[in-house]
> 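The structure is given below, and queries will be raised subsequently.
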Amino acid sequence: MADNANSKNIELEFPDGSVRSFETGITGRAIAEGISKSLAKKSVAYVLNGELIDLADPIHSGGKIEIVTRSDDRALELIRHDCAHVLAEAVQEIWPDTKVTIGPVIENGFYYDFDRAEPFTPEDLERIEKKMREIIQRNLPFEKKIVSREEARAVFDAMGESYKLELLDAIPEGEDVKLYSQGEWTDLCRGPHMPTTGQVGSAFKLMSVAGAYWRGDSDNRMLSRIYGTAWADEKQLKNYLHMLEEAQKRDHRKLGREMDLFHFQEEGPGVVFWHAKGWKVFQQLVSYMRRRIEEHGYDEVNAPQILDKALWQTSGHWDWYRENMFTTQTEDDREFAIKPMNCPGHVQIFKNGLRSYRELPIKMAEFGNVHRYEPSGALHGLMRVRGFTQDDAHVFCTSEQLEAECLRINDLILTTYSDFDFGDIVVKLSTRPEKRVGSEEGWDRAEAIMQKVLNQIEAESDGRIKTELNPGEGAFYGPKFEYVLRDAIGRDWQCGTTQVDFALPERFGAFYIDQNSNKQEPVMVHRAICGSMERFIGILIEHYAGHLPLWISPVQAVVASITSDANEYAEKVVATLKAAGLRVEADTRNEKINYKVREHSLVKIPAIIAVGGREAEQGTVSIRRLGSKHQTTMTLEEAVESLTQEAIAPDLKRAAQAG
RNA sequence: GCUGUUGUAGCUCAGGGGUAGAGCACCUCAUUGGUAAUGAGGAGGUCGGGAGUUCAAAUCUCCCCAACAGCACCA
C-alpha cells in the first residue's frame, strides 16, 4: 500500500479484503453507519489490528478493521464486562454505602467484588438481579472520559471509593486513566464497553456469593464477591445452566456413594475409605500403571512411610514444607515425619551402594502413599485429599540422557491419557522462577533441553497436543513440564508432571562414578502420570460420568434371573464368565426383572445379562449394556468371547496387536 | 486457613422451646413377574459434638468438628 500523500486520511482494510480510505479521527460507529444502518444498529465495538475498541472511539491510524456485532463471539466479553458494571451499579443503588472494587470477566461470566459490612444473601441476589434488569431497561449509554490522575482521584475521593483510589495508583505512568459512566454511575475502567447498557440483554443470571481477598492476597481484607454468568442469548444461557446440571450429575462424590466405591467421614477429613468396588478400580489402575512402567524400564521400589526428621531437614522439607507435614513423636522423644513425598526415600535407595555411570539411567518407581496436611478449605472429595497415592518415579541420569528421558516420559504420559480417552492435552513448560537454586548455566542448559523437547512434543502430535510456556512458574529446584488434560465436559485437570531437579542430589550428596573415576552428581527427574491415583480415579468417574470402561469396572456384569426357574442357569452363566476371568455377580433375588434392571443400571453396571426360561433352554444370554434400552441375545460362548475381548486393558490390547 | 452456608433415619428432605416425620433403601410375608420401581406389613433416628439459658432444647446462645461454595494454598 502506498502512503497516502494526504496525511489526514487513513486506509482501513475490511474482513472481505477491501481497502477504503477514511478521514483520520473517524469513529467506528461512523464507519458502521457508512456500511449500513442495520449494521450500525447491531454493532457494539470494533476491532482494529486485533484490539477490541469502543465503537465511539476515533481511529487515527490505518490497519485491519472489523465491526463487531452483538452476536460476534468477541462481543461476549463485552456483554459480561458490561453486565459486571450493571451489577455494581445495582448494588450501589440498593446499598449506597457499599464500596466497589473490581469486576472482571471470567470464563462463562463475570464477578464483582464489593466491600460491605453485611454479606449478601441469596434473597439479595434476586433483588439485585431485578435492579440490574431495571438498569438495562433504562438503556443509558456508556460514556468514556479520559481524565488526569488528579481528576480521577478527586472523583473517587469524593465518592469515598478507597479501593478505586488504590487501583488508580496502580495504573502505570503513561497509561490513560479512563472513567466509564452509565447515567449517574461511574467506574474506573480500562474498557472497552458496548454503546449502551441495553445491549447487555437479558441472558444473564447471578449465580453465587463468596468471599474473596482484596487483590487475591490472604493478608488483605476479605470482600464479598458476586458471581454471575452472561451470554448473548437465552439459548446459550440455558445451555450453560444445563451443562452445570450435567456436571453436578457426574460429581464423583455423588457417583462414588451411589456406586459404592468409597466414602469419607468426619473422623478422617481428607482421607479415603475405599470400599471393595472402589478398591477394585484402584487396583485395576495400579495394575495398568505397573505394566506400563515395566514396559518403560522402571523398577518399582517401596520406601518407608515414616522417617526421622533429620532426613527431612537434609531434604529441606522440614524448613519449607513443615506446616504441611504430619509428624509423630515416640516415647524416646525422637521426632518422625510421615512422608509427604517420595523423593528423599528414593535418593536413599540410589545412595545405598556405589553407583556407576553404567547403571544410568536408574528409573525408580513407587506407588507412594503420601500424607500432606492440606488446608481444610482445600479438601474436595478425591480431588484434593490429605492421604493419597502417587504414581511417582525418579529418573537418575546424566545430563546427556535428560532429553531422551523427557521424551520417553512424554510418550508414557500421552499413551496413558489416550488409553483413558482423554483427547485434548496441553503441555506447559514452566521456567526458572525468581527464587531458585542452581547455577544460571545449569538452568540455561536444562531449559534449552526442555524447550527442544517441548517443540518435538508438539511437532510429533499432529496438532493433538498443544504446548504453552509458563515463564517463571518452575519449581525452585528446576524447570518442569505440566500435563493438563481436558475431560468429557471440558474441564481441565493438571495430572502429569516432569520436573528436573538440581537440588536434591546435591543436598543428599548423591553421586555416581563416571568414566574417569570421578564423582558426578546425577540429574534427578521427578515424574508422575496420574499424579494422585485417588484424584485420577475421581477425574475418571467424572470424565466417564460413572460409565467406566469394562476393563476397569469393578463389577463387569450382573447375571439376573428372570424367574427362579432360571436361577440355576444364572449361576452357571456366572461361573462360566468368572472362569473366563470376568468380574461377575449373580442376582437371583425374588424380584421382577424390571426391578433388577433398574437397580443395576443405577449403580452403573456395564452389562446386565438377563436369563429366563428361554435362555436356559437354548443356552443363550440376553445382554443389555449400560446406557442402552436394547438387549442382544447370543449364545453363552459368544457372550464370553465378546466380553472377555472388551475387558482386555488397552495396553494389553496394544501388545497383542503388536505381537 | 479466610468468608458465607449447612449438619434431623443408609439416601433425599420436611419440621421446629414441651422429648421427632415423609419418600426411597432395609427386614418379613405374599407374588415367578421378560428389560428402569409388585403388593402388604415391620423395624430404624434423641436431631454433628460439647457447654450454657430454661420448669423444659433437636428447636435459643456460645465453643468445637465436619461438609458445601468461593478465596488463599496446592514442591
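Residue numbers start from 1 in every chain, and the chains themselves are labelled A, B, ... in the order their sequence lines are given, proteins ahead of strands. Because the structure is a prediction, the values reported are computed rather than measured. Computed over heavy atoms, backbone and side chain alike; hydrogens, waters and symmetry mates excluded.
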> Looking at A:Y298, does the NZ or CZ of A:R527 lie under 6.0 angstrom from its six-membered ring centre and within 45 degrees of the ring axis?
yes

> When you compare the protein's N or O atoms with those of nucleotides 1-5 of chain B, which come within less than 3.5 Å of each other, and at what distance?
{"unit_1": "B:rG1", "atom_1": "OP2", "unit_2": "A:S376", "atom_2": "OG", "d": "2.7"}
{"unit_1": "B:rG1", "atom_1": "N7", "unit_2": "A:G377", "atom_2": "N", "d": "3.1"}
{"unit_1": "B:rG1", "atom_1": "N2", "unit_2": "A:Y213", "atom_2": "OH", "d": "2.5"}
{"unit_1": "B:rC2", "atom_1": "O4'", "unit_2": "A:Y213", "atom_2": "OH", "d": "3.3"}

> Rounded to whole angstroms, how far apart are CG on A:L379 and P on B:rA72?
17 Å

> Under 4.0 Å: is that the gap between some side-chain N or O of A:Y227 and OP1 or OP2 of B:rC71?
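So the side-chain polar atoms of A:Y227 do come within 4.0 Å of the phosphate oxygens OP1 or OP2 of B:rC71, strictly under.
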
> What protein N or O atoms touch nucleotides 6-12 of chain B N or O atoms at under 3.5 angstrom, if any, and at what distances?
{"unit_1": "B:rU12", "atom_1": "OP1", "unit_2": "A:R257", "atom_2": "NH2", "d": "3.4"}

> What string of B, S and - do you get for nucleotides 32-39 of chain B 5' to 3' if you count protein non-hydrogen atoms under 4.0 Å?
BBBBBBB-

> Of A:F476 and A:D251, whose nearest nucleotide on RNA chain B comes first from the 5' end?
A:D251

> Between B:rC29 and B:rU12, how far is it from one P atom to the other, in whole Å?
30 Å

> Tell me, which stems hold RNA chain B, with a stem being 3 or more Watson-Crick or G-U pairs in a row and both distances under 3.5 Å?
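Stems for RNA chain B, defined as runs of 3 or more consecutive pairs: B:1-7 with B:65-71, B:10-13 with B:21-24, B:26-30 with B:38-42, B:48-52 with B:60-64.
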
> Salt bridge or not between A:K596 and A:E599? Use side-chain N to carboxylate O under 4.0 Å.
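No, this pair does not count.
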
> Return the value, rounded to whole Å, for the distance between atom CG of A:D217 and atom C1' of B:rA72.
9 Å

> Assess whether a salt bridge exists between A:K363 and A:E405, defined as any Lys/Arg side-chain N lying under 4.0 Å from an Asp/Glu carboxylate O.
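Yes, this pair counts.
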
> Rounded to the Å, how far apart are A:F110 CZ and B:rG70 P?
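Going from A:F110 (CZ) to B:rG70 (P), I get 16 Å.
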
> Salt bridge check, A:E335 against A:K309: does any charged N sit closer than 4.0 Å to a carboxylate O?
yes

> Between A:F508 and A:H346, is the gap from one ring center to the other below 6.0 Å?
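No, ring centres 6.0 Å or more apart.
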
> Could you give the CD-to-P distance, from A:Q265 to B:rC65, as a whole number of Å?
18 Å

> How many whole angstroms separate atom NZ of A:K254 from atom C1' of B:rC68?
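Answer to the nearest Å: 16 Å.
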
> Considering only the C1' atoms, how many Å lie between B:rG39 and B:rU46, rounded to the nearest integer?
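Each nucleotide's C1' atom is 33 Å from the other's.
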
> Would you indicate whether the side-chain heavy atoms of A:R372 and A:R386 approach each other to under 4.5 Å?
no

> If you measure from the P atom in B:rA57 to the same atom in B:rG49, how many Å do you get, rounded?
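Between the two P atoms, the distance is 15 Å.
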
> Provide, to the nearest angstrom, the distance between the CD atom belonging to A:E107 and the C1' atom belonging to B:rG70.
16 Å

> So what does A:H600 touch, heavy atoms closer than 4.0 Å: a base, only the sugar-phosphate, or nothing?
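Nothing: the residue A:H600, judged by heavy atoms under 4.0 Å, touches no strand.
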
> Please state the C1' separation for the pair B:rC62 and B:rC68 - nearest whole angstrom.
23 Å

> Hey, are A:D113 and A:W214 close enough side-chain-wise for a donor-acceptor pair under 3.5 Å?
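No, no side-chain donor-acceptor contact under 3.5 Å.
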
> Are A:K131 and A:E129 ion-paired here, with the side-chain N under 4.0 Å from a carboxylate O?
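Not counted as a salt bridge, because no side-chain N and carboxylate O are separated by less than 4.0 Å.
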
> Using a cut-off of 6.0 Å, state whether more than 12 heavy atoms not belonging to A:Q248 lie near its atom CD.
no

> Does OP1 or OP2 of B:rC68 have a side-chain N or O of A:R253 closer than 4.0 Å?
yes

> Are the aromatic rings of A:F262 and A:F273 close, with centres under 6.0 Å apart?
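They do not qualify: ring centres at least 6.0 Å apart.
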
> Using the salt bridge (charged side-chain N to carboxylate O under 4.0 Å, His left out) criterion, which residues pair with A:K254? Sequence neighbours excluded.
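Scan of A:K254 (salt bridge (charged side-chain N to carboxylate O under 4.0 Å, His left out), adjacent residues dropped) gives A:E258.
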
> Does this structure show an ion pair linking A:K339 with A:E366, if we count only N-O contacts that are shorter than 4.0 Å?
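Looking at A:K339 and A:E366, the cut-off is met.
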
> Please collect all side-chain hydrogen bond (donor to acceptor under 3.5 Å, both in side chains) contacts where either partner lies in residues 613-622 of chain A, sequence neighbours excluded, each pair once.
none

> Out of the candidates A:I541, A:L255, A:V555, A:L261, only one should pair with A:K604 under the side chain to side chain contact (heavy atoms under 4.5 Å, CB included) rule; please name it.
A:L255

> Can you find an N or O donor on one side and an acceptor on the other, under 3.5 Å apart, linking the side chain of A:R215 with the base of B:rC71?
no

> Considering only atom C1', compute the distance from B:rA30 to B:rG44 and round it to an integer number of Å.
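Looking at atom C1' only, B:rA30 and B:rG44 are 23 Å apart.
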
> Rounding to the closest angstrom, what is the interatomic distance between B:rA56 and B:rU19 at atom P?
15 Å

> Measure the distance from CE on A:M325 to P on B:rC74 and round it to the nearest whole Å.
16 Å

> Could you tell me how far B:rA58 sits from B:rG45 if I compare only their C1' atoms? Round to whole Å.
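The same atom, C1', in both gives a distance of 11 Å.
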
> Below 6.0 angstrom between ring centroids: does that apply to A:Y112 and A:F110?
no

> Please give, in whole Å, the distance from B:rC68 P to A:R384 CZ?
13 Å

> If I pick the C1' atom on B:rU38 and the same atom on B:rC24, what distance separates them, to the nearest angstrom?
16 Å

